[in-house]
Number of protein chains: 2
Amino acid sequence: MGAPLNERSQNILEAIIEDYIHTAEPVGSRAITTRHAFHLSPATVRNVMADLEDMGFLASPHTSAGRIPTEKGYQYYVESLLQIRDLSEEFRSCIDDDTRFAGKCMEDVMQEVGNLLSGISSYTGLVMAPRFNSTIFRQIEFVRLSQGRLLVIFVSESGLVQNKVIEPGIDFSARELESITNYLNHRLPGMTITQVRERIAFELREEKTRLNKIQKQAFELSDKALQGDIAEQVYVAGTSRMLEQPDFASHDSMMRIMRTLESKQQLIELLDSSQSASGVQIFIGSQASDSKIEGCSLITAPFSGQNGAVGTLGVIGPVRMNYSQVIPIVDFTASLVGRLLDRES
Amino acid sequence: MGAPLNERSQNILEAIIEDYIHTAEPVGSRAITTRHAFHLSPATVRNVMADLEDMGFLASPHTSAGRIPTEKGYQYYVESLLQIRDLSEEFRSCIDDDTRFAGKCMEDVMQEVGNLLSGISSYTGLVMAPRFNSTIFRQIEFVRLSQGRLLVIFVSESGLVQNKVIEPGIDFSARELESITNYLNHRLPGMTITQVRERIAFELREEKTRLNKIQKQAFELSDKALQGDIAEQVYVAGTSRMLEQPDFASHDSMMRIMRTLESKQQLIELLDSSQSASGVQIFIGSQASDSKIEGCSLITAPFSGQNGAVGTLGVIGPVRMNYSQVIPIVDFTASLVGRLLDRES
DNA sequence: ATTAGCACTCAACGCGAGTGAGTGCTAATG
DNA sequence: CATTAGCACTCACTCGCGTTGAGTGCTAAT
C-alpha cells in the first residue's frame, strides 16, 4: 500500500493520466502500449494497472472499460510526476500584451484578466480584486454635492479609488471641509482601511474630550463614510467553457456548477483561502470544496503590487484538467497583474 | 388565411398556448376538452386545431403528437388574447421592498434589480444601467493625487458619480484647480456628457484665441478626462435559470444561449433598441434577434428618473414564456427603478 | 519477470414487437 | 349544418434480447 512507486509504474500512471486528460475516456492497457513507446506488452501493463488500482490511484468504471484516474491519482500526478514546463513564448506574449489593458480602469482590467485566463486556459477564469478593506489608506477628499450631500473619496496607496455619498446632516462650509480633510490626511495615511475604522471608533469613544470641534467632526464624517462593508468584487469569465467539458454532460452537474459560478459569495469563499498563501495553489476535486463544485479543480495564485494591495485569481475546470498548461498560465498571469497594479499607483 | 378568428377558435388557441406554456409538451385535443370546460368533443376541437394549423398558429411535431404554438401563435396570443392582469399584491410587495436596496451604491442596486427580475420571473434578468454619456452633467471636481496625477470626478444630474485618473503633465496648484473647477461648473451644467464633449472640442478648435489661460487649461483638462468611451454596464442575473428550461435541454442550444448571455456586447445590442421606446416591449422568438438567441423571447422596459437618466431592464426566457406573468413584472420593476433613481439624486 | 492465450464481463448498439397518445376521415346525429 | 361517435392509421417511445467488441483477470509457457 504505502510502498513507493517504481519508475515504470510512475511512467505508466503518468501516461494513463495524460491520455485521460486528453481524451476524457477510460484508458485501456492496449491504448497505452500503442500510444507510448514502452517496451511492454498489454498484459504487463495490465498487471501494473491492477497494482495502481489497488493503491488507489486508478479506478475502473466497470469491468470491461479501461481505467480512469482517481483524485488521489491526480494529486500524486501533480505533486510528483508533473514537471512544470515554462510557459510557451506564444502564450507569454499573448498574456503580456500591453494594448489589452491600456487605458482601462481597474474594474475593466480585472474583467479583462478574467477573459484572458479563460481564453488561454479554455476553462473558467476567476479574479477577486484586492479587498478594499485591506488596502492602505493614502488620502481622503470631500466634494460638496447639492442639498447637504457630500461625496467622499478614498484613495488607497495602490491607487484604488472608492467613493460614497453621505448625508452628514450639517452643511459644512468649504473652509471647514478643508480643515477636516487636512486633519484626516495628516492622521490616517499608512494604515489599512480596517485599521482606520478601528482608530476612528477608538478616538470617538475614548478621547472625546480631548478633541476640538473640527477634529471631532472629522472623525464623525469619516466614520459615516466608512460605514457598511464594501463587498468583494469577483469577476468570472468563460462560464460557458464549463459546458464544453464532456465531464459535465449531465444536466445535474451542469446546473450545480453554473449555480455556484453565479454566486459571488460562494466564489469568494473558494478564493478566500488562497488569499494569504504565496504562489500557485492547487485544489483537486474534493480538496477544492465540499461538493459545491463536484468534479472541479481549482488553480489559484494571489497577486500583489509593491504597496500591499492583494487579490487572488485562478482557473476553475474539471478535475480532468490540463494541469501542466494551466499552472504556468495562472502563475504568469498573477505576476503580470502584480506589475499592472504597480503601474497604476 | 386572413380570415379573423371566431371566438371559439380564439378560446381554443388560448387554451392550447397556456397549457403548452405550463407543461412544455404538445397539447392534444383530448387534453383540451378535459382541462377546460368547453362543451365540445375532442373531434370538434381537432377540427378547430386543424384550421389553426392551416392558418399558421399551430404546428405538429409529428402526426401522432399534439400541437405546439408557432411564433405567429405566440404573437397573436400576446397581442390579442392575453389580458394583462395586475401584478399580485404578493409580488408587488416583494419587488417594492425598500430594505432590499437600502444603502447600496448604484452598481449594487442594478445587480439587485437583476436578481429581483430573475428571482420573481424565474427566467433570466437583464439590466442596462443608464449610459453615462446621455446623463446630464451637473458638476466636475478635481482631486490632486501624488506625482502630478489628478482624479477627476463627474457628477450627473441623476446623482451618478464617475471618476477617472488623468496625468495632465502640468502640476496645477490648488488655486489654479479651483479656478478651473469654478469655470467648468459655471459653463457646463445642463448639457449631456456627449454635448459637453462636443462643446469642449468646439471651444478648443474654433475659439482658441478668445480664451484666457485658465479657460484654455480648463477645457484641455476636461477634454482629457472625457477621453475614452465609458462602456455600457450590463448586469445579468440568473443565467442558470435558462438551464432549468426543458426547451433548452439540448447541449447545442444551451451553449449558444450561455455564450450570448456572457457577451455584454451582444446583450447591449439586444437591449439597445428598447432604450428609446416607452413602455414594455415584447420580442418573440426571431423578433428578438437573428438566431443569436434562438428560441428565446425578450420582454424589456426602459426606466428613467425625472432627470433624464435612462436605462433598460428586461427578462429573457424561452419563447414558451409565461407572458402574462412576466410582462407586469417587467413593467412594475421599471417604474420602481425610476423611482429609485429619483431618490438617489 | 514477462508475455501469449483464453475465458469472461459488460456497456453500447441495433432490431423488432408492443403500447398508447393523438390524428384525420367518414358517417351518423340533433 | 355544425357536432360528434367511431375507426383505422401514424409514429414516438419503451422494453427485451441477441450481438459486438473493447477490455479485463488468470494461467501457463517463455
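Computed from heavy atoms alone, side chains included, the values below leave out hydrogens, waters and symmetry copies. We name chains A, B, ... by the order of the sequence lines, and we start the count at 1 in each one.
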T312(B) side, atom OG1; L267(B) side, atom CG - distance, nearest 0.5 Å: 12.0 Å
Any donor-acceptor N or O pair under 3.5 Å, side chains N6(B), S9(B): yes
Residues in contact with DNA chain D, drawn from residues 42-51 of chain A - heavy-atom cutoff 4.0 Å: R46(A), M49(A)
Atom pair distance, as rounded to whole Å: CG in D19(A) and C1' in dA22(D): 16 Å
DNA chain C contacts among residues 25-41 of chain A, heavy-atom distance under 4.0 Å: H39(A), L40(A), S41(A)
Euclidean distance, atom CG of residue L52(B) to atom C1' of dG22(C) [Å, nearest integer]: 17 Å
Interatomic distance, S122(A) atom OG to I329(A) atom CD1 [nearest 0.5 angstrom]: 8.0 Å
From L271(B) atom CG to L313(B) atom CG, the distance as rounded to the nearest 0.5 Å: 8.5 Å
Pairs involving residues 55-67 of chain A, ordered by first then second residue, that meet side chain to side chain donor-acceptor pair (under 3.5 Å) (sequence neighbours left out): E53(A)-S60(A), E53(A)-R67(A)
Derivation of the side chain to side chain contact (heavy atoms under 4.5 Å, CB included) call for M242(B) and M258(A): CA-CA 10 Å; M242(B) 281 295 193; M258(A) 295 307 285; over 6 Å; no
H22(A), NE2: over 12 other non-hydrogen atoms inside 6.0 angstrom: no
Full working for side chain to side chain contact (heavy atoms under 4.5 Å, CB included) between Y323(A) and Y74(A): CA-CA 9 Å; Y323(A) 296 93; Y74(A) 284 110; 3.9 Å; yes
Short N-O contact, E262(A) and R259(A), less than 4.0 angstrom: no
Q10(B)-Y76(B) side chain donor-acceptor pair, cut-off 3.5 Å: yes
Pull out every protein N or O sitting under 3.5 Å from an N or O of nucleotides 28-30 of chain D, one pair per line with the distance.
none

Strand DNA chain D as a dot-bracket string - pairs counted if Watson-Crick or G-U with both distances under 3.5 Å, | where the partner lies in another strand: ||||||||||||||||||||||||||||||
Q325(A) side chain to R85(A) side chain, donor-acceptor N/O pair below 3.5 angstrom: no
Rounded distance [0.5 Å steps], CG in L81(A) versus CG in L5(A): 8.0 Å
Candidates dT24(D), dA2(D), dG24(C) - which lies nearest the side chain of R67(A): dT24(D)
Heavy-atom side-chain contact between T124(B) and S118(B) under 4.5 Å: no
Reading 5' to 3' through nucleotides 12-17 of chain D, protein heavy-atom contacts under 4.0 Å coded B for base, S for sugar-phosphate only, - for none: S-----
Reported CZ-to-SG distance for the pair R256(B) and C296(B), which is rounded to 0.5 angstrom: 9.5 Å
Main-chain N/O of G314(A) paired to T300(A) side chain as donor or acceptor, under 3.5 Å: no
